[in-house]
Chemist: 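Quick one: this structure, given as structure tokens, is what I'll be asking you about.
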Amino acid sequence: MIVAYDDAQILDVACPSGALDSANQHGAAPPYAIELASVSGRGSRSSSGIVLAGGRRLAAVTGQIDTLLVVGGHGTRAAMSDERILTQVRRLALRSRRIASVCTGTFVLAAAGLLDGRRVTTHWGYGELLAQAFPSIAVDLAPLYIQDGNVYTSAGVTSALDLTLALIEDDHGPTLARNVARELVTYLHRPANQAQISMFLSAPPPGDRLVRDLLGHIAAHLAEDLGSSALAARAGVSKRHLTRLFATHLGTTPARAVRAARTEAAAHLARSSELSLAAIARRCGLRSAETLRQAFLDHYGVTGDRIRRMPDMPQPLDPRQDHSSRT
């Protein structure tokens, strides 16, 4: 059962419903019964202007529900203030085997009182607001999705696909989930702890496709082996040629590019989550809190505690200038 409302993000509806439909086409047994529900039952207008017609009226839904999924989008603020929606979400949650949200749909579950004491995620751009609005919730913006008991929350928009593939695998096993992933031409499936932080790199993408692909790999696998040998092997070039490529297109070395990516991602996590600096260091491949502290000093000129207190993200230091007075 997918709960929608006006100004919802259409991909939040399309990603899970499309993946479940594909699972049915590939023999999910029992098959998924995919239903859309809204307050009016007359459908809802997505933020793109496309009307999601049909569906059921929330108040008319009875019986047991397998998965109750609440979508996000620009209409979240109105939805989380609409007591009609919250009342029905609370009621239906009691009838559901599991509860899930996509993107800012987490706010609706939170407003309905369904997330108190739980660890959750949401779109990286709204994590701080979620934590401030609902202090009883543990917000973790690192993963693409989080399971806490029978409650699943996912990050922004297309992470709904990652979450749904995980649900399909839980229900029907990895073979069916793999077939769905192939059908949808997507990964099977990005692990839950693959970071939303892969989007946080500040540098514009380079023109060279090989370097651009390597930067994407670095951003998505910060905790893995990203040494020059591993990167060169992935690109199918020698270490010397890899160094030349990075110097030409990025003006830096592979090692420095990796360290910058890890440090920028760690800075975003420091500002948007309650994770300890040691945990952030491990998530981002920097091994220890001390290594992270030094990386912050080298890259931003301030410590992690300072970054957490600053009103805005710090800007990287200009490497051409002397920063010997860093604190």
Side-chain angles (χ1 to χ4, degrees), residues 1-6 8-46 50-73 75 79 82 84-103 105-106 108-109 112 114 145-154 157-186 188-189:
M1 176 70 65
I2 299 175
V3 178
Y5 42 81
D6 283 344
Q9 164 61 253
I10 194 169
L11 284 175
D12 288 9
V13 178
C15 283
S17 61
L20 295 175
D21 176 59
S22 179
N24 288 345
Q25 301 304 317
H26 284 278
Y32 293 101
I34 307 163
E35 293 188 289
L36 185 70
S38 64
V39 167
S40 69
R42 296 190 296 272
S44 56
R45 174 180 47 77
S46 70
I50 295 175
V51 176
L52 301 168
R56 298 180 64 183
R57 190 165 60 90
L58 283 168
V61 177
T62 59
Q64 295 302 303
I65 297 171
D66 182 74
T67 304
L68 180 70
L69 187 147
V70 179
V71 303
D82 190 332
R84 297 173 302 169
I85 295 177
L86 299 184
T87 296
Q88 294 306 321
V89 167
R90 292 188 200 102
R91 180 181 70 85
L92 296 176
L94 296 175
R95 299 171 175 267
S96 302
R97 179 171 70 93
R98 60 191 175 197
I99 306 160
S101 65
V102 179
C103 194
T106 305
V108 178
L109 294 185
L114 300 174
Y145 58 89
I146 289 175
Q147 177 187 1
D148 186 332
N150 73 328
V151 176
Y152 298 72
T153 53
S154 62
V157 194
T158 58
S159 63
L161 187 53
D162 302 286
L163 171 62
T164 309
L165 286 170
L167 297 179
I168 292 170
E169 182 170 340
D170 286 347
D171 295 340
H172 300 288
T175 299
L176 180 61
R178 186 177 301 109
N179 289 337
V180 171
R182 287 173 177 164
E183 174 79 18
L184 300 179
V185 197
T186 189
L188 176 69
H189 47 75

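Note that the structure is predicted; figures quoted are calculated from it, not measured. These numbers come from the heavy atoms of this one structure, side chains and all, not from hydrogens, waters or symmetry mates.
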Chemist: Among residues at least two apart in sequence or on other chains, which ones pass side chain to side chain contact (heavy atoms under 4.5 Å, CB included) with A79?
Modeler: Y5, I85, V108

Chemist: What pairs with A28 under side chain to side chain contact (heavy atoms under 4.5 Å, CB included), at least two apart in sequence or on another chain?
Modeler: A23, N24, Y32, H172, L176

Chemist: Identify, with sequence neighbours excluded, every residue that meets side chain to side chain donor-acceptor pair (under 3.5 Å) alongside S44.
Modeler: none

Chemist: Can you tell me how far the CG atom of L161 sits from the OH atom of Y145, to the nearest 0.5 Å?
Modeler: 10.5 Å

Chemist: Just by distance, do the side chain of Q147 and the backbone of G149 share a donor-acceptor pair under 3.5 Å?
Modeler: yes

Chemist: Using the side chain to side chain contact (heavy atoms under 4.5 Å, CB included) definition, which of the options L36, V70, L69, V61 pairs with M1?
Modeler: V61

Chemist: Looking at side-chain heavy atoms only, is the closest gap between H26 and E183 below 4.5 Å?
Modeler: yes

Chemist: Provide the closest heavy-atom pair for L163 versus A100 in the form atom of the first, atom of the second, distance.
Modeler: CD2-CB, 4.3 Å

Chemist: Return the minimal non-hydrogen interatomic distance between V71 and A8, and the atom names on each side.
Modeler: CG2-CB, 3.7 Å

Chemist: Which residues pass the side chain to side chain donor-acceptor pair (under 3.5 Å) test with T87, sequence neighbours left out?
Modeler: E83

Chemist: Can you name the closest pair of heavy atoms from V102 and S154 and give their distance?
Modeler: CA-OG, 3.3 Å

Chemist: Which residues pass the side chain to side chain donor-acceptor pair (under 3.5 Å) test with D170, sequence neighbours left out?
Modeler: none

Chemist: Taking salt bridge (charged side-chain N to carboxylate O under 4.0 Å, His left out) as the test, write out the residues that go with D82, two or more places apart.
Modeler: R84

Chemist: Test of understanding: with salt bridge (charged side-chain N to carboxylate O under 4.0 Å, His left out), list the residues that count as partners of R57, not counting sequence neighbours.
Modeler: none

Chemist: Calculate, to the nearest 0.5 Å, the distance between atoms OG and CD1 belonging to S22 and I168 respectively.
Modeler: 7.0 Å

Chemist: Write out all pairs satisfying salt bridge (charged side-chain N to carboxylate O under 4.0 Å, His left out) with one or both partners inside residues 11-27, taking only residues at least two apart or from two chains.
Modeler: none

Chemist: Which residues pass the side chain to side chain contact (heavy atoms under 4.5 Å, CB included) test with Q88, sequence neighbours left out?
Modeler: L58, A59, R91

Chemist: Roughly how far, to the nearest 0.5 Å, is CG of L165 from SG of C15?
Modeler: 9.5 Å

Chemist: I want to check something: taking the side chain as every heavy atom from C-beta on, are I2 and S17 in contact at a cut-off of under 4.5 Å?
Modeler: yes

Chemist: For the CZ atom of R97 and the CD1 atom of I99, what is their distance to the nearest 0.5 Å?
Modeler: 11.5 Å

Chemist: What is the distance from atom CG of L68 to atom CG of L92, rounded to the nearest 0.5 Å?
Modeler: 5.5 Å

Chemist: Partners of T67 by side chain to side chain donor-acceptor pair (under 3.5 Å), sequence neighbours excluded?
Modeler: R98

Chemist: With sequence neighbours excluded, tell me which residues meet side chain to side chain contact (heavy atoms under 4.5 Å, CB included) with S101.
Modeler: T106, L109, T153

Chemist: Please collect all salt bridge (charged side-chain N to carboxylate O under 4.0 Å, His left out) contacts where either partner lies in residues 34-46, sequence neighbours excluded, each pair once.
Modeler: D7-R45, E35-R56

Chemist: Is it the case that the side chain of R95 and the backbone of I65 share a donor-acceptor pair, with hydrogens and angles ignored and the cut-off at 3.5 Å?
Modeler: no

